[in-house]
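Computed from a predicted model, the values in this text were never measured in an experiment.
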Amino acid sequence: MGFLRFEDAAKWGWAALIWGAPWSHAAMTAGTFWVTLCALGCAFTQKTEGARMTFRPLLWLFGLMAWQCASLAWTDNLEWGLQLGSIQMAMLALAFSWNFAPLAHHRITHKWVFQSAALAMFGTLMWGAVRTGQGEWLENRDWTPWTSHIRLGMLAALGWVWGSRHQSTKSCIGFGILWLVFTAVTGSLTSALLWPVACIWMLWERLPSSSKRHLVLGTTLGCFASLGGIIWWLQPVPLPFPEVELPKMTAQGNEYVHHPERTLSEGGHRLHLFMCPEEWEAAWSQISEVPLDAPNDAGFSVRDRLPRYLTSLGWAKDGEHILRLNQYDVQAIERGATHAYPAKGIRLRLRELRREWEVWRDGGQASGHALFQRIEYWQTGWCAWMESFWFGHGMGDTSDAMAEAYVKRDSKLEPKHRHRAHMQHLTWGISGGLIAMLLWLGFASSWYHTIGRHSRQALWGGLLITLSCFFEDSWETQAGIVICFLALFGAQVPQTPED
């Protein structure tokens, strides 16, 4: 098989990777194996024709992966280190393969990524609609059982911007609407943040030069308006009465407990007002056989949920209002409901975000709150890196290093919420120390000078990965590796080595 036939055969592997990434680990594994074989065939059957100017970033990437593998020498958890190494080495294999056996034209890559993302989001919505129609209540993550909504959001961001260069205006508008619906039902904060950024980037590419000034003005005004809206939305819920006029006694003659300095709310009402816990048990026992302090399947008791549920109704948390609950309300509280008006998708995610903010503002701990937990993760990750600054703890011991750092910092996070750094930039330092960090920065710089600055589509992919690596350990899952590879190399403009 000659060089051209190897390159043609590799197309099937790239198809398996791009179309299979949202659905199947087996498709990604098979695709990676096949394109690597084809690239080796190309490398051994020709000299320089297939080189695509990625040797410099490829060398930096090889150095980073080699150092990661070398760190296994001082890793205690060798099993996890080898598993993680096998995942990350796929990036090196794919970058090498793209260097010798890429798709014939980057337009094909852009078209396939656009269509793959659209099909994945449409399939997700249809699958979720069928299950919802069968009476199932799907939580946000239940809509994306094959791969995470974060990965799909990244793929959609790539597909929309890349596809805008070659797809019709109607197709781009349809894709944007589909992505909005996907964001609404899955509650993906990643997609909610990436959608407007991708839209602006795409419009900049498509609009004539005379209109770009208006786009800049509109974007600036939109940013200020959004910032003002967020500030307004996060303002504390006002007190229903002046503090001195808050009722002192319940209808049963017991004293209310008020904490007006605490701003935590539910359904637009303050939680820490009109509280009378001493009346709860007697009243609850009259309407339910479930004990007030018995944990449910999720580990929460009625005592945890009852005051939040009553607050969402705008009721006082006392015996009189507990007895007003109907059978539907009682059963909902027994199942663990915290709000009388259930929400799904992005509405639920916004509720959770507001609660995270209010808990933090009241001085509460971040356990269970995805956004504010990350601050704790990053602080702990930095502490873990400083414990082994030069060489790191080894690729397999990042979790153990984080666990030790949590203890050292006397972290307030509950043990079940003590996870890894959730920042790939920082994780390189934890696993491989300063040397890994310098290799990572060298790879980023080399990528920019040889690929990123030659194409706005490539630059978009680099920006996307940079942002992703601030909030996720993006290089530690198979789907993450494939999407990061596509973002970094998929928009590359082929040039000869002499260029």
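Side-chain contact between Pro145 and Trp127 is present, with at least one heavy-atom pair separated by less than 4.5 Å. Annotation: side chain of Ser431 is not in contact with side chain of His393 (no heavy-atom distance under 4.5 Å). Looking at heavy atoms from C-beta onward, Ile465 lies in side-chain contact with Cys469 at the 4.5 angstrom threshold. For the pair Trp204 and Arg456, the minimum side-chain heavy-atom distance is below 4.5 Å. Taking 4.5 Å as the limit, every side-chain heavy atom of Trp201 sits out of range of all side-chain heavy atoms of Ser164.
In terms of modelled atom types and a separation under 3.5 Å, the side chain of Ser24 and the main chain of Ala26 share a donor-acceptor contact. Looking only at distances, no side-chain donor or acceptor of Trp447 sits under 3.5 Å from a matching main-chain atom of Leu58. Listed for the Ser71 side chain is no donor-acceptor partner under 3.5 Å among the backbone atoms of Gly432. Not one N or O on the side chain of Asp400 forms a donor-acceptor pair closer than 3.5 Å with the backbone of Asp397. Between the side chain of His339 and the backbone N or O of Leu348 there is no donor-acceptor pair closer than 3.5 Å. A donor-acceptor distance shorter than 3.5 angstrom exists from the side chain of Ser455 to the backbone of Ala458, with no hydrogens or angles considered. Judged purely by atom type and a 3.5 angstrom limit, Trp98 has no side-chain atom pairing as donor or acceptor with the backbone of Pro102. Remark: the backbone N or O of Trp162 is not paired with any side-chain donor or acceptor of Gln457 at under 3.5 angstrom. Side-chain N or O atoms of Asp142 include one that pairs as donor or acceptor with a backbone N or O of Glu139 at under 3.5 Å. Thr36 places a side-chain N or O within donor-acceptor distance of the main-chain N or O of Thr32, the cut-off being under 3.5 Å.
Residues Gly20 and Ala27 approach most closely at CA-CB, 3.9 Å, considering heavy atoms. Taking all atoms of both residues into account, the shortest heavy-atom contact from Arg206 to Ser168 is NH2-C, 4.3 Å. Pairing each heavy atom of Gly123 with each of Trp23, the nearest pair is CA-CH2, 4.0 Å. Taking all atoms of both residues into account, the shortest heavy-atom contact from Ala479 to Ala21 is CB-O, 4.5 Å. Listed here is the closest heavy atom pair of Ser312 and Tyr341: O-CE1, 4.0 Å. Here the closest non-hydrogen pair linking Phe182 and Leu125 is CA-CD2, 4.0 Å.
The SG atom of Cys484 lies 10.5 Å from the CD atom of Glu472; values are rounded to the nearest 0.5 Å. The SG atom of Cys38 sits 13.5 Å away from atom CZ of Phe100, with the distance rounded to the nearest 0.5 Å. If you take OG1 on Thr427 and CD on Gln424, they are separated by 5.0 Å, rounding to the nearest 0.5 Å. Interatomic distance, CE of Met121 versus OG1 of Thr186, reported as 10.0 Å (0.5 Å rounding). Separation of atoms CG (Leu61) and OG (Ser446) is listed at 10.0 Å; rounding is to 0.5 Å. Summarising the geometry, atom CG belonging to Asn99 is positioned 12.5 Å from atom CG belonging to Leu94; distances are rounded to the nearest 0.5 Å.
Sparse packing is recorded around CH2 of Trp34, with 12 or fewer heavy atoms of other residues, nucleotides or ligands lying under 6.0 Å away. For CH2 of Trp360, the number of neighbouring non-hydrogen atoms (other residues, nucleotides, ligands) closer than 6.0 Å is 12 at most. More than 12 heavy atoms of other residues, nucleotides or ligands sit less than 6.0 Å from atom CH2 of Trp378. Within a 6.0 Å sphere centred on CD of Glu136, heavy atoms belonging to other residues, nucleotides or ligands number more than 12. Annotation for Phe33: atom CZ does not count as buried by contact number, only 12 or fewer foreign heavy atoms lying within 6.0 Å.
Below 30°, between 30° and 60°, or above 60°: for Trp440 and His425 the angle between ring planes is between 30° and 60°, a tilted geometry. Aromatic ring pairs are classed by plane angle as parallel below 30°, tilted from 30° to 60° and perpendicular above 60°; the pair His417 and His419 is perpendicular. The aromatic rings of Trp160 and Trp195 sit tilted, their planes meeting at an angle between 30° and 60°. Ring geometry for Phe443 against Phe489 counts as tilted: the plane angle lies between 30° and 60°, on a 0 to 90° scale. In this pair, Phe485 and Trp14 present their aromatic rings parallel. The plane angle is below 30°, not in the 30 to 60° band.
Side-chain contact annotation: His149 with Trp143, donor-acceptor N/O pair under 3.5 Å absent. A side-chain N or O of Thr380 and one of Arg409 form a donor-acceptor pair less than 3.5 Å apart. In summary, the side chains of Trp179 and Ser191 do present a donor paired with an acceptor at a separation below 3.5 Å, with no hydrogens or angles considered. Under the 3.5 Å distance criterion, with hydrogens and angles disregarded, no donor-acceptor pair is assigned to the side chains of Thr144 and Thr124.
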Check the pair Leu193 / Val197 against side chain to side chain contact (heavy atoms under 4.5 Å, CB included), numbers first and verdict last. CA-CA 7 Å; Leu193 294 175; Val197 179; over 6 Å; no
One pair to check against side chain to side chain contact (heavy atoms under 4.5 Å, CB included): Leu64 and Trp428. What are the steps and the verdict? CA-CA 9 Å; Leu64 177 61; Trp428 293 123; 4.0 Å; yes
Can you check side chain to side chain contact (heavy atoms under 4.5 Å, CB included) on Arg351 and Arg354, steps first, answer last? CA-CA 5 Å; Arg351 280 185 187 177; Arg354 182 181 177 89; 6.0 Å; no
Under the side chain to side chain donor-acceptor pair (under 3.5 Å) criterion, do Gln478 and Thr29 qualify, and how do the steps go? CA-CA 9 Å; Gln478 187 178 29; Thr29 300; 2.8 Å; yes
For the pair Thr183 and Ser188, evaluate side chain to side chain donor-acceptor pair (under 3.5 Å) and give the outcome as yes or no after the intermediate values. CA-CA 5 Å; Thr183 302; Ser188 172; 5.8 Å; no
Under the side chain to side chain contact (heavy atoms under 4.5 Å, CB included) rule, what do Met28 and His25 come out as? Steps first, then yes or no, please. CA-CA 5 Å; Met28 289 185 283; His25 290 282; 3.7 Å; yes
Evaluation steps, ring-ring contact (aromatic ring centres under 6.0 Å, His included), between Trp19 and Trp12: CA-CA 10 Å; Trp19 292 93; Trp12 298 102; over 10 Å; no
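A salt bridge between Arg355 and Glu352 is absent, with no side-chain N of the basic residue lying under 4.0 Å from a carboxylate O of the acidic one. Classification of Glu376 and Arg418 as a salt-bridged pair fails, no side-chain N sitting under 4.0 Å from a carboxylate O. Note on Glu404 versus Lys408: no salt bridge recorded, every NZ/NE/NH1/NH2 to OD/OE distance being 4.0 Å or above.
In this structure, Arg420 forms no cation-pi arrangement with Tyr377, as its terminal cationic atom is not both closer than 6.0 Å to the ring centre and no more than 45° off the ring axis. Cation-pi geometry between Lys344 and Trp137 is met: under 6.0 angstrom from the ring centre, within 45 degrees of the axis. At least one cation-pi condition fails for Arg151 and Trp146: the charged atom is not both under 6.0 angstrom from the six-membered ring centre and inside a 45 degree cone around its axis.
Between Phe471 and His422, the ring center distance fails the sub-6.0 Å criterion. Taking the six-membered ring for Trp, Trp390 and Trp385 have ring centres at least 6.0 Å apart.
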